[in-house]
Asks: 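Dropping a structure here in structure tokens format, bear with me for questions.
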Number of protein chains: 2
Amino acid sequence: MNAMLTSSQRQLLRAISESGPLSRTEMAQMLGLSKAAMSGIARDLIDLGVLHETEIVYGQGRPSVLLDLHPECAFFVGISLLEDPAPMILSDLNGKIIARQAMPLSRDPKVIAEAITEGLPSLLEAHPDAKEKLSGIGVALSGFVDESQANCVQSTLLGWQDVPLAKIIRERSGIETFIENDAKAVAVSEKLFGSAREIQNFSVVSLGDGIGCAHFIDGKLYRGNHGGAGEIAHCTIEPGGSPCRCGKRGCLDTVASMKAIKEMSRAEGLECTSLSDIENEASTGNAAAIRILHRAGSALGLAIANLIQMNDPGLILITHVEGSFEGLFGTVVNQAIETNVLPRYAGQTPIRIKRVDGDVWARGAASIAAHNFLIGSHTS
Amino acid sequence: MNAMLTSSQRQLLRAISESGPLSRTEMAQMLGLSKAAMSGIARDLIDLGVLHETEIVYGQGRPSVLLDLHPECAFFVGISLLEDPAPMILSDLNGKIIARQAMPLSRDPKVIAEAITEGLPSLLEAHPDAKEKLSGIGVALSGFVDESQANCVQSTLLGWQDVPLAKIIRERSGIETFIENDAKAVAVSEKLFGSAREIQNFSVVSLGDGIGCAHFIDGKLYRGNHGGAGEIAHCTIEPGGSPCRCGKRGCLDTVASMKAIKEMSRAEGLECTSLSDIENEASTGNAAAIRILHRAGSALGLAIANLIQMNDPGLILITHVEGSFEGLFGTVVNQAIETNVLPRYAGQTPIRIKRVDGDVWARGAASIAAHNFLIGSHTS
DNA sequence: TTGATTTGTTCACTTTCTGAACTTAGTGTC
DNA sequence: GACACTAAGTTCAGAAAGTGAACAAATCAA
């Protein structure tokens with residue numbers, strides 16, 4: 001790959017990824033280098049096809065030429081092992097999804113590697129460019145992944161323990177492969193492709209069936225000492241509350257996950273199959289629905305407030321697949337955050353809500369590969 | 001100062017500070033440099049008086065010479081603005097306290113600068129060496145400090161808002177000065193002088209009158225986006241609980257701080273003036289004392305468990321000034337941590353308890369100056 | 001058209017690091 | 001006690017990356 005990029009070159013790519021197109025002079029200032037040095041670095045990256053000149057900005061004096069990442073300089077495949085069939089997407093360096101298909105899920109790593117390898121030709125079929133410039137595969141899964149983004153330390157869902165998945169896929173497919181925990185992958189995609197590009201410290205809370213969370217700190221994904229940073233789902237929110245499948249009681253997951261909300265409404269005899277249904281019930285005054293949404297919303301809000309207190313992030317990004325945040329649930333969450341954060345902080349931490357489609361995980365997976373391509377995982 | 005140290009030189013100093021004495025060959029490996037480069041860097045730092053040769057380790061082949069920081073190459077003054085009179089200490093590069101005195105506390109920054117400047121001669125009197133090599137002043141205070149460690153953004157205790165304290169002290173005394181929040185200063189001193197030297201990710205929970213907390217992430221103090229990372233004291237632990245002076249309800253501070261514990265016992269009619277007193281009462285079976293310690297301990301344990309879940313640190317260091325952790329309080333804290341952390345994590349995160357003396361804050365303050373001297377604050 | 005202004009390039013030179021050869025200071029063996 | 005063996009640390013020529021100053025280029029403003 002481009003494993004032989006200079007440290008300065010990588011720094012530059014990161015700066016552009018964060019700030020968008022920049023002139024050479026701006027880049028030089030940003031990295032603290034001389035214009036002379038920058039000139040050379042930019043030339044090399046343009047020759048490599050990674051950067052290209054885009055807009056020309058006219059001002060006083062010679063106009064500046066903005067350089068940007070060349071979106072078609074590299075392509076990535078992202079696979080989500082969270083659903084069956086497993087979504088498989090092809091993305092460019094901007095995170096744009098160019099092709100999508102699905103493959104059967106399996107618990108056998110070798111079968112997965114096989115399915116990916118077999119799926120590649122049809123995914124790439126209509127895109128000869130991408131075929132040639134395929135630069136990495138990313139895999140998102142539910143579980144713990146080690147720092148090298150190569151080994152799955154443990155996954156309850158897949159029944160794994162110390163599975164060197166990246167290596168298995170790389171050896172079978174011949175493509176550089178990285179794996180990552182689902183929530184962390186989503187955070188990386190928001191940093192690289194999404195709405196947190198320029199933010200150095202932020203946390204993403206992703207609401208799917210379960211509740212995921214990941215932190216970026218100083219512009220870097222923070223994995224924690226055992227890869228467990230962000231396990232907000234198993235923070236105790238209702239001490240002595242309902243038992244959780246993790247073995248504890250009162251975990252956030254038991255009250256605020258979509259799964260829990262649906263289970264609670266089923267237990268209350270509500271015929272609701274989605275968050276929207278429950279929201280509808282609540283808006284017509286159904287007491288049980290209101291109670292459930294209140295309980296879930298306060299729990300999630302409290303957990304997020306505690307996160308803000310502990311880590312003081314510059315942004316909380318809540319991504320949700322289902323329903324909307326405009327109903328009771330969202331309102332309660334926001335209220336609970338406000339009332340449980342230091343008054344002098346309240347409103348200081350932007351909370352951004354983002355509805356995402358079913359491609360989040362696969363796009364997140366692709367972003368892991370893209371991140372390794374662009375910046376490398378072990379840059380400071 | 002030694003503001004003109006190379007980036008490599010600073011990296012080396014950091015490595016030694018983390019790992020203790022190292023041979024040149026080990027250092028070269030650690031920083032990923034050639035032995036040749038290391039040889040030169042070490043020579044320069046020895047000539048500067050920052051490093052010195054210590055032990056000689058015999059093995060096969062030529063014995064290796066371990067290099068260590070020269071503890072007397074620089075001295076620092078640390079002042080804690082948390083008490084009146086304010087402790088003022090002189091420390092070497094190992095964090096050893098060489099002299100100590102006190103100065104009157106004031107809410108007027110200029111008066112503080114004056115008091116420090118006037119206090120210096122007597123503090124340095126018996127130590128001509130330190131006089132000559134005084135390399136920085138550090139100040140610890142309760143409140144928020146900005147990233148440059150120069151300005152106090154806000155301090156309720158001191159009634160400040162945007163006070164450029166470091167500049168004021170520097171201009172009056174002529175010595176490079178840095179300020180920091182109390183809990184963050186303690187964390188830095190544990191990283192630099194204490195029991196967390198070699199740990200990259202850890203959190204310090206410091207129990208004094210209040211509850212402070214600070215995080216090290218990737219070997220760096222993490223301040224948060226508004227300098228508020230670690231404000232665990234105002235995490236909501238008992239939703240709808242007692243009102244806190246911050247304006248919210250049920251903050252950890254209202255149940256588990258020494259102040260809160262003492263207030264609760266007073267409210268219960270116990271004649272206890274210290275944690276030990278209450279522990280004694282509890283050990284004789286006093287139900288109120290037991291109840292109070294249980295409540296406080298569970299709250300603190302829950303907060304720490306949530307911290308572990310969120311950030312997965314490699315170590316939790318609990319420092320306490322008063323009492324002991326061997327009684328009921330400590331036991332309950334540990335239990336609460338265990339029961340509120342993901343079972344697969346329990347026991348994975350070491351919890352270290354450390355009893356500290358009244359010098360913690362001043363030593364922490366000195367460590368801020370030392371850290372800036374050694375490593376500089378803006379190194380990656 | 002001319003001057004002002006700012007971007008970006010070129011080039012000679014400095015700084016920092018590398019690789020290979022070499023020196024140094026021990027241990028282990030006979 | 002001499003002699004190989006081993007690993008640490010130094011030296012030195014040369015490569016790599018960056019700097020500063022001079023310069024070329026491209027526009028605006030008058």
Asks: Return the value, rounded to whole Å, for the distance between atom CD1 of B:I56 and atom C1' of C:dA25.
Replies: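 Between C1' of C:dA25 and CD1 of B:I56: 10 Å.
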
Asks: If only side-chain N and O atoms count, and only distance matters, is there a donor-acceptor pair under 3.5 Å linking B:N372 with B:E176?
Replies: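 No, no side-chain donor-acceptor contact under 3.5 Å.
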
Asks: Whole angstrom is fine here: how far is it from CG in A:L12 over to C1' in D:dG18?
Replies: 15 Å

Asks: For a quick check, tell me whether the side chain of B:R62 and the base of D:dA8 share a donor-acceptor pair closer than 3.5 Å.
Replies: yes

Asks: May I ask you to verify if any side-chain N or O of B:S8 is less than 4.0 angstrom from the OP1 or OP2 atom of C:dC17?
Replies: yes

Asks: Should we count NZ of A:K133 as having more than 12 external heavy atoms under 6.0 Å?
Replies: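 Yes, the 6.0 Å shell around NZ holds more than 12 heavy atoms from other groups.
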
Asks: Would you say that more than 12 heavy atoms from the other residues, nucleotides or ligands in this model lie under 6.0 Å from the NZ of B:K354, or not?
Replies: yes

Asks: Write down the distance between CG (A:L31) and C1' (D:dT19), rounded to a whole number of angstrom.
Replies: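 Distance check: A:L31 CG to D:dT19 C1' gives 15 Å.
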
Asks: Heavy atoms under 4.0 Å, any strand shown: does A:S34 hit a base, just sugar-phosphate, or nothing?
Replies: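 Base contact.
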
Asks: How long is the line joining NZ of B:K35 and C1' of C:dA21, in whole Å?
Replies: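 One finds 11 Å between C1' of C:dA21 and NZ of B:K35, rounded.
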
Asks: Does a side-chain N or O of A:T25 approach OP1 or OP2 of C:dG8 to a distance below 4.0 Å, or not?
Replies: yes

Asks: Starting from P on D:dG9, measure out to CG on B:L33 and report it in whole angstrom.
Replies: 15 Å

Asks: So, is A:Q60 near the phosphate of D:dC28, with a side-chain N or O under 4.0 Å from OP1 or OP2?
Replies: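 So the side chain of A:Q60 is outside the cut-off, no N or O lying under 4.0 Å from OP1 or OP2 of D:dC28.
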
Asks: Kindly indicate whether the side chain of B:V204, heavy atoms from C-beta on, has any atom under 4.5 Å from the side chain of B:K191.
Replies: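 They are not in side-chain contact.
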
Asks: So, is B:R24 near the phosphate of D:dT10, with a side-chain N or O under 4.0 Å from OP1 or OP2?
Replies: yes

Asks: Which nucleotide in the set D:dA8, D:dT11, D:dA26 lies at the smallest distance from any side-chain heavy atom of B:A36?
Replies: D:dT11

Asks: 5'-most contact on DNA chain D: B:G61 or A:T6, nearest heavy atom basis?
Replies: B:G61

Asks: Pick the closest DNA chain C nucleotide for A:A37 and for A:P63 by heavy atoms, then say which residue is nearer the 5' end.
Replies: A:P63

Asks: Indicate the atoms forming the closest heavy-atom contact of B:N311 with A:Y222, along with that distance.
Replies: O-OH, 2.8 Å

Asks: Can you tell me how far C1' of C:dT9 sits from CD1 of A:I46, to the nearest Å?
Replies: 13 Å

Asks: Assess the residue pair B:E72 and B:K96 against the criterion (salt bridge (charged side-chain N to carboxylate O under 4.0 Å, His left out)); give the C-alpha distance rounded to whole Å, side-chain angles, the decisive distance to 0.1 Å, and a yes or no.
Replies: CA-CA 10 Å; B:E72 272 123 38; B:K96 200 174 87 186; 5.1 Å; no

Asks: Under 30°, 30 to 60°, or over 60°: which ring-plane class applies to A:F76 and A:F373, parallel, tilted or perpendicular?
Replies: perpendicular

Asks: Rounded to the nearest angstrom, tell me the gap between atom CD in B:Q11 and atom C1' in C:dT16.
Replies: 13 Å

Asks: Which of residues 38-45 of chain A have a heavy atom under 4.0 Å from DNA chain C?
Replies: A:S39, A:R43

Asks: Grab the CD-P distance between B:E53 and C:dA25 for me, whole Å please.
Replies: 12 Å

